[in-house]
Colleague: 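This is the structure, below, for whatever I ask next.
Naming convention: chains lettered A, B, ... in sequence-line order (proteins, then strands); numbering from 1 in each chain.
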Amino acid sequence: MDPESVAQRLLGKLLVRIYQGARLSGYIVETEAYFGTEDPASRARKGGNLAKIMAGDVGIALIYGVHRQWLFNVVAHEPERIGAVLIRAIEPVEGIGIMKKLRGTSDLKKLTNGPGRLTKALAIDKSFHGKPVCKQSSLLRIEEGVKIHKVLIGRSYRIGVSKDLSKPFRFYIKNNPYVSR
DNA sequence: CGCCAGATTGACT
DNA sequence: GTCAATCTGGCGG
């Protein structure tokens, strides 16, 4: 399936991290789709390891490091193509106390409302790079969540990229307080 | 191994 | 709103 469709379908799903035996989780409320050579904002555009992973098996975690943060993506694309979905924000559900400790803040609204923030709150680092997120046994996985009605899904251009495509590829749940700024 | 751009965040005016 | 710290990844030498 193409990244654009997957990005929308991931909204409302539960992102689960098993951390020291405890469940940390949150509903995915904001995503962005990234492509291959035709996407000026994608690092896969220039080839390299990231492009290889983005062209490989779907449902694999891709951890991308930038600005001293880890950004969490899931590989998703059609056969013979390149693509991934960036998870930009989640709504905290389980293990909120532990997440606050990992993030070093008690402000619930700012706990996971950004790509770098949610990886810190869930203790996601490069050790998850290349690991599957669709397996029940995985320490980092995506489970069924709540169903999001189509009319509640907003769409905009991607955030923070210097050169975007001519079509908006950011998706978020409208009126949800946990989407990024 | 050095160089440089960048999918961010948090502090400060 | 503005600004700079800080490090990963790709590439050239």
Colleague: Applying the Watson-Crick and G-U wobble criteria at under 3.5 Å, what pairs with B/dC12? Answer none if nothing qualifies.
Modeller: C/dG1
Colleague: Write down the distance between CG (A/Leu118) and P (B/dT9), rounded to a whole number of angstrom.
Modeller: 9 Å
Colleague: Between A/Tyr64 and B/dA7, do the rings stack, that is, sit under 5.5 Å apart with planes less than 30° off each other?
Modeller: no
Colleague: In whole angstrom, what separates A/Met54's CE from C/dG9's P?
Modeller: 14 Å
Colleague: Hey, does the Lys NZ or Arg CZ of A/Arg155 hover above the aromatic six-ring of A/Phe169, less than 6.0 Å from the centre and inside 45° of the axis?
Modeller: yes
Colleague: Between A/Asp107 and A/Thr105, do the side chains contain a donor N or O and an acceptor N or O under 3.5 Å apart?
Modeller: no
Colleague: Want to settle it: does A/Ser162 or A/Arg117 sit nearer the 5' end of DNA chain B, counting the closest nucleotide to each?
Modeller: A/Ser162
Colleague: Under 4.0 Å between any heavy atoms, over every strand shown, what does A/Val66 touch: base, sugar-phosphate, or nothing? Just pick one.
Modeller: base
Colleague: If you compare every side-chain N and O of A/Arg88 against the phosphate oxygens of B/dT8 (OP1, OP2), does one of them come in below 4.0 Å?
Modeller: yes
Colleague: Write down the distance between CG (A/Leu71) and P (C/dC7), rounded to a whole number of angstrom.
Modeller: 15 Å
Colleague: Distance check needed: B/dT9 P versus A/Asn113 CG, whole Å only.
Modeller: 8 Å
Colleague: Grab the NE2-P distance between A/His67 and C/dT8 for me, whole Å please.
Modeller: 13 Å
Colleague: Out of the candidates A/Arg158, A/Arg81, A/Arg170, A/Lys167, only one should pair with A/Glu4 under the salt bridge (charged side-chain N to carboxylate O under 4.0 Å, His left out) rule; please name it.
Modeller: A/Lys167
Colleague: Of all the nucleotides listed (B/dG6, C/dG10, C/dG9), which has the minimum atom distance to the side chain of A/Trp70?
Modeller: C/dG9
Colleague: From C/dG10, B/dG10, C/dG9, pick the nucleotide closest to the side chain of A/Arg103?
Modeller: B/dG10
Colleague: Quickly work out the A/Ile159 CD1 to B/dA7 P distance and round it to whole Å.
Modeller: 12 Å
Colleague: May I ask you to say what A/Asn73 touches in the nucleic acid, namely base, sugar-phosphate or nothing, with a heavy-atom cut-off under 4.0 Å?
Modeller: base
Colleague: Looking only at the side chain of A/Pro115 (C-beta and beyond, no hydrogens), which of the listed nucleotides B/dT8, C/dG10, B/dG6 gets closest?
Modeller: B/dT8
Colleague: Under 3.5 Å, is there a donor-acceptor pair between the side chain of A/His67 and the main chain of A/Gln69?
Modeller: no
Colleague: How close or far is atom C1' of C/dG10 from atom CD1 of A/Ile53, stated in whole angstroms?
Modeller: 14 Å
Colleague: Taking a pair as Watson-Crick or G-U wobble with both distances under 3.5 Å, which nucleotide is matched to C/dT6?
Modeller: none
Colleague: Without swapping roles, check the side chain of A/Arg17 against the backbone of A/Leu122 for a donor-acceptor pair under 3.5 Å.
Modeller: yes
Colleague: For C/dG9, does OP1 or OP2 lie under 4.0 Å from any side-chain N or O of A/Lys126?
Modeller: yes
Colleague: Mapping A/Arg68 and A/His129 onto DNA chain C by nearest heavy atom, which one lands closer to the 5' end?
Modeller: A/Arg68
Colleague: In whole angstroms, how far is the P atom of B/dT8 from the CZ atom of A/Arg43?
Modeller: 12 Å
